[in-house]
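Input: a single structure, listed below in structure tokens.
As the structure is a computational prediction, the values presented were derived from the model and not from experiment. No hydrogens, no waters, no symmetry mates; every other heavy atom, side chains included, goes into these values. Chain A is the first sequence line, chain B the second, and so forth, proteins listed ahead of strands; every chain is numbered from 1.
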Amino acid sequence: MTVIDIFNRLLSHYGFQNWWPIVENGVSVYSPEFRMRSRTCDEIFEIAVGAILTQNTAWKNVEKAIINLKQAGVLSYKSILNLPVENLASLIKPSGYFNQKAKKLKGFAEFIDKRLDCNIENLRKFDTLTARNLLLEIWGVGYETADSILLYGLNFPIFVVDAYTHRIFSRMGIIRQDFKYETIRLFFENNLPKDHLIYNEYHALIVKHGVNKCRKKAICDNCVIRDICPY
DNA sequence: CGCCAGGTTGTTG
DNA sequence: CAACAACATGGC
């Protein structure tokens, strides 16, 4: 049973997830159209903001924060650059850790302004790992956040690892408990075609399965991969 | 009500 | 380098 087999299982069970969502009219929209085209500048920025806000936080709370930002008309790097950090913190309160995250968003906006010449798409001018290392220099942007921005915002072929990835695949005995982020990322990248669409869908499916079934307290009955899981 | 969520950083041994 | 604390709201 390979990681590709597991991908196929999850995909036929849950269907396409169409990540990353864009918030429209107060709801997160997961559209199949997203895989057909490049993201717009505004979408890339929203994805990056979402990636920062969702750090150790349920998406529902992030959604509320993004709605607040949109309603206030400040979901752009320029607005966030000019908005007092206290006001920003207040808008993103529902996403939790709001003081820290406000500072992180500020840092990210500053990064676009200073390092990317005011255009987030300038990240495309770099190769994957160079772009990644640039993002990782930003305070508040770690591996998963950087990789989410690269994969979901810019379609770079980089596999996103998260807590669910670690939990599901260690429970299955496919990776070891003590594997760290980079080890897990490389494991997936080495066992899959180098294709951003596959990385995109796979990670989204992992989250789906983690949220639905493979929680901290696992719900193993009717699990789509139960027969190949020793847990 | 208690647990936990699509992590990251700073501190300490 | 590993372990641990701090950061915080809201859904179930």
Basic-acidic side-chain contact under 4.0 Å: [X], [Y]:
X	Y	answer
A:R132	A:E182	yes
A:R39	A:E46	no
A:K125	A:D117	no

Touch class at under 4.0 angstrom, heavy-atom based, for [X] against every strand present:
X	result
A:V141	sugar-phosphate
A:K217	nothing
A:I138	sugar-phosphate
A:W139	sugar-phosphate
A:A65	nothing
A:T145	sugar-phosphate
A:Y30	base
A:V62	nothing

Spacing of the [atom1] atoms in [M] and [N] (rounded, Å):
N	M	atom1	answer
B:dC3	C:dA5	P	16 Å
B:dG10	C:dA8	P	14 Å
C:dC4	B:dG6	C1'	23 Å

Please report, rounded to the nearest Å, how far the [atom2] atom of [N] is from the [atom1] atom of [X].
X	N	atom1	atom2	answer
A:L151	B:dG6	CG	P	18 Å
A:I92	C:dC7	CD1	C1'	12 Å
A:K180	C:dC1	NZ	P	11 Å
A:N99	C:dT9	CG	P	9 Å
A:Y164	B:dA5	OH	C1'	6 Å
A:Y152	B:dG6	OH	C1'	9 Å
A:F98	C:dA6	CZ	P	17 Å
A:I158	B:dG6	CD1	C1'	17 Å

Nucleotide forming a Watson-Crick or wobble pair with B:dT11, both distances under 3.5 Å |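 Its partner is C:dA3 (Watson-Crick or G-U wobble, both distances under 3.5 Å).
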From C-beta outward on [X], which listed nucleotide comes closest to its side chain: [options]?
X	options	value
A:K104	C:dG10, B:dG7, B:dA5	B:dG7
A:R167	B:dG10, B:dA5, C:dG11	B:dA5
A:Q55	B:dG6, B:dG7, B:dT9	B:dG7
A:P94	C:dA2, C:dA8, C:dT9	C:dT9
A:E144	C:dG10, C:dA8, B:dT8	B:dT8

Do you reckon A:V23 sits in the same ILVMFWY cluster as A:V29, going by side-chain contacts under 4.5 Å, direct or chained?
->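 Result: no, two separate clusters.
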If the plane angle is over 60° it's perpendicular, under 30° parallel, otherwise tilted; pick one for A:F7 and A:Y202.
->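 Tilted.
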Criterion side chain to side chain contact (heavy atoms under 4.5 Å, CB included) on A:F108 and A:I80, from CA distance to verdict = CA-CA 9 Å; A:F108 184 68; A:I80 288 185; over 6 Å; no
Pair A:T2-A:D5, side-chain donor/acceptor within less than 3.5 Å |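 The criterion, which ignores hydrogens and geometry beyond distance, is satisfied for A:D5 and A:T2.
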Pairwise 5' ranking along DNA chain B for A:W59 and A:K103, keeping only the more 5' one =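 Comparing both residues, the 5'-ward one is A:W59.
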Going by ring centres under 5.5 Å and near-parallel planes (under 30°), is A:Y97 stacked on C:dA6?
->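 The ring of A:Y97 is not stacked on C:dA6.
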